[in-house]
Amino acid sequence: MKKFLLAGTALLALANVAAARDITIAQSSDLRSNNPGVNRDGNTDGVILHIVEGLVGYNNAGEVKPLLAKSFETSADGLAYTFKLRTDVKFHNGKLLTADDVVWNWTRYLKPETKWTCLSDFAAGGAAHVTEVKAVDASTVEIKLEKPSAVFLGLMSRPECGYTGMISPDSVAADGSFIKPIGTGPFMWDEWKKGEYIHLKKFADYLSPANDGKPDGMVGSKRPLADGIKFMVIPDPSTVKAGLESGVLDTAELSPDLIPEIKSNPKMQLIVARNNGKNLFYIQTRDKVLSKPGVRRAMAMALDLDELVGAASNGTGEANGSMVSQDSVYFDATQKKRLPYDLEAAKKELAAAGYKGEPISIIANKRGNVPSFPVAVMAQAMLQQIGLNVQIEVLDYATQVDRRRSGNYQIISQSVAPRLDPALMYSFYVGDKDKNASLMWDDPKAIELMKAAYVEADQTKRQKIFDEFHELMLKNIPGIFLYDMVDVWGAAKTLKGRPVWQSNARLWEVSVD
C-alpha cells in the first residue's frame, strides 16, 4: 500500500505539470550537481548535455567534429591545436562567446579547486597534458600540449568532463563559488527542486552548428523544439511505467522485459537505440584456473553468441565480440571476427589446457536495465555443455563493482558505459594490473598497442592498430565481449524524434504534439 501511495503521489505531481508544453521525462536519480564535470554521474551528464557545449563534440560515428568552434587545425608536430570560433554563439545571458571566455573556462577547469572530474587527463602526467591556452584574437584560441595526443579532442568531448562545456564567467560569483550554468546549449537552466525535478527552458536565441538538418550525436541540428524539459526524479520503475501508460510522462528508459507491453499499447511507442557501451564477461587472467588461455578460448567457443544475445536483449541486440562499437568509424571486417561456436573444438582446448573440473564462478547483479544476470544464466548452461563447472554468485551492483575494482573475481558479467573513441574504451580494460587491479588485461603487447592508439592521429594508421589489437584479443581472450549496449525507451505516440543517444536523454529535435 505504501508503495502504491508513493507512486500515486508522484503521478499526481506529474499531472500538475503535464499541461505545460514541456517534454516530461523520467530519470532514476536526482542531479548530483549543476556544475559541468564536477560531482557528476550518468543522469547528471544527461541534463548538462542540454545546457553546455564544448569546442568540439562527437558525431554518431564516434568522430570528433566542430561544435562551438567552426573549425580546428593541428600543428605538424601535434603539439598545438588552433580553434576558430563561431561568431554567432551566445551564452544564455545574451553575451557573445569570445576567445577570452574559452581561456577563462580552461583556466578554471585546470585549477584543482574546481574539482573537475577530468583534471588528471589534462594535467601533468595525463593523456593530454595542456601546457597553455591563449587567445590569438577575439575568435581564435590556441591550446598547446606537452606531447602529441590522438585522444585530446575525444577527451574534451566526454560526458564525464561535462563535455568541457563553455560557460559564461557570470556563472561564478566574485568569490569563485558556482552559481548556475550559463551555457550556450539549446536549453537553459531554470529550476531545481531537489528530489523532485529539474526544469530547463528553451533558449530562443540558440543557433545550431553547421549541419545537414538532422541530429548527429552532440553536433548536427540541435533545435530546441519544445518550450522546456522537465526531468522528473522517479526511482521506482513501476511508477515510471504507470506514468507512461497514463500519458503524464512523455518518455523514459524502461526494462527490456517490458517490450511486449510497450508494443501492445496503442498509445505508446518503443524506441530502441544501440550505443557504444559494452556487455561483457570480465575474466581474471591471474586466477589459477583462468590464467590458461586454452580455458578462456574454450569458454569463448562454447558460447553461441547469437542465441545468447538474442535472448538476453529481447531481440534488440546484435552479437559483437569486439571492443569497438558496431557504429564506430573503426568497425571494419577485422573487428567482426570472433572465435567460432564449436563445442568439440572447445572440449579439445579444455583438455589440452589440463582443466580438471575446478569450480568457476560468474558474478552477476540483478539490475533490471542491464543483462548481467540473464546473460550469466544462459552462459552457465552453455559452458556446462563442455564440462566446465560453472556457478553463479549474485551480488548487489555496488558490491560487484568493488569486487571488480579489487580484482577479487573469476568472471564478472558486467555492462560498461559508452566511450566513443576505441582507445578510451581500451583504457578501461587494459594496463598494469599491479597498479590498477580493476583492469582486465595486462599483456605487454596490448598495452603497447593501446599507448600507440593514444598518440597516432592518422585514421588509417589507427585502424591498423585497432585491428592488430583485436587479433591479439581473439588469441588471448582476456574477456568475452558479447554485444553493444542497447537503450530501450518507451514514449507517448505523440512524441516526435528520438529522445536518447549513447544512454543519455537528448531532447533537442524532439517535440510533443
Side-chain angles (χ1 to χ4, degrees), residues 31-41 44-57 64 66-69 72 80-87 89-146 149 151-185 187-189 192 200 203 218:
L31 194 70
R32 292 181 65 90
S33 163
N34 63 356
N35 192 345
V38 178
N39 188 21
R40 42 72 54 197
D41 61 9
T44 300
D45 296 340
V47 174
I48 296 298
L49 174 66
H50 297 80
I51 303 170
V52 304
E53 298 172 308
L55 298 177
V56 294
V64 178
L67 186 45
L68 294 180
F72 57 84
Y81 287 74
T82 302
F83 299 88
K84 289 286 186 180
L85 303 181
R86 291 164 50 202
T87 57
V89 175
K90 290 182 181 179
F91 287 111
H92 296 152
N93 57 9
K95 297 180 180 180
L96 286 170
L97 171 73
T98 68
D100 287 339
D101 293 317
V102 176
V103 173
W104 178 86
N105 272 275
W106 268 99
T107 301
R108 175 178 174 271
Y109 278 130
L110 294 175
K111 289 179 179 177
E113 54 266 36
T114 301
K115 298 182 179 179
W116 188 33
T117 301
C118 294
L119 176 60
S120 61
D121 291 323
F122 300 101
H129 177 203
V130 172
T131 58
E132 184 181 13
V133 182
K134 69 177 183 180
V136 177
D137 57 40
S139 59
T140 307
V141 177
E142 183 181 67
I143 301 180
K144 292 185 177 180
L145 306 182
E146 178 189 25
S149 173
V151 297
F152 170 56
L153 298 174
L155 288 169
M156 285 172 58
S157 305
R158 292 172 66 203
E160 295 91 335
C161 303
Y163 315 96
T164 317
M166 297 294 107
I167 57 174
S168 167
D170 294 340
S171 305
V172 178
D175 63 1
S177 60
F178 190 79
I179 304 171
K180 66 177 182 180
I182 302 173
T184 64
F187 293 91
M188 54 195 290
W189 182 261
W192 181 10
L200 308 182
F203 181 37
M218 296 158 61

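Residue R40 holds its CZ atom at 11.0 Å from CD1 of I48, rounded to the nearest 0.5 Å. Here L55 contributes atom CG and L67 contributes atom CG; the two are 8.5 Å apart, rounded to the nearest 0.5 Å. The line from OG1 of T82 to NZ of K144 is 9.0 Å long, rounded to the nearest 0.5 Å. Atom OH of Y109 is separated from atom CZ of F122 by 10.5 Å, given to the nearest 0.5 angstrom. To the nearest 0.5 Å, atom OG1 of residue T107 and atom NZ of residue K134 are 14.0 Å apart. With rounding to the nearest 0.5 Å, the separation of CG in L96 from NZ in K90 is 6.5 Å.
Considering every non-hydrogen atom in both H129 and A123, the closest pair reads CD2-C, 3.3 Å. In plain terms, the two heavy atoms of I179 and V172 that are nearest each other are CD1-C, 3.9 Å. Of all the heavy atoms in S168 and N93, the pair that sits closest is OG-ND2, 3.1 Å. Nearest heavy atoms, N34 versus K180: ND2-CA, 4.1 Å. Between T44 and R32 the shortest heavy-atom distance is OG1-N, 3.0 Å. Nearest heavy-atom pair, I182 versus F91, reported as atom, atom and distance to 0.1 Å: O-CD2, 3.5 Å.
Of the candidates V56, V136, V102, L68, F83 forms a side chain to side chain contact (heavy atoms under 4.5 Å, CB included) with just one, namely V56. Residue F152 is tested with V64, I143, D121 for a side chain to side chain contact (heavy atoms under 4.5 Å, CB included); the sole match is I143.
A salt bridge between D101 and K95 is absent, with no side-chain N of the basic residue lying under 4.0 Å from a carboxylate O of the acidic one.
With sequence neighbours excluded, the residues that form a ring-ring contact (aromatic ring centres under 6.0 Å, His included) with H92 are F203.
For S139 (side chain) and T87 (main-chain N/O), no donor-acceptor pair under 3.5 Å exists by modelled atom type. Side-chain atoms of T114 do not come within 3.5 Å of backbone N or O of W116 as any donor-acceptor pair. N105 contributes a side-chain N or O that, together with a main-chain N or O of I167, makes up a donor-acceptor pair within less than 3.5 Å. At distances below 3.5 Å, not a single donor-acceptor pair connects side-chain atoms of T98 with backbone N or O atoms of A138. No donor-acceptor pair closer than 3.5 Å links the side chain of Y163 to the backbone N or O of P36.
Side-chain contact annotation: E53 with T184, donor-acceptor N/O pair under 3.5 Å present.
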Derivation of the side chain to side chain donor-acceptor pair (under 3.5 Å) call for D175 and S177: CA-CA 6 Å; D175 63 1; S177 60; 2.6 Å; yes

Verdict with reasoning, V38 to T117, per side-chain contact (heavy atoms from CB on, under 4.5 Å): CA-CA 6 Å; V38 178; T117 301; 5.6 Å; no

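Side-chain contact between V130 and L145 is present, with at least one heavy-atom pair separated by less than 4.5 Å.
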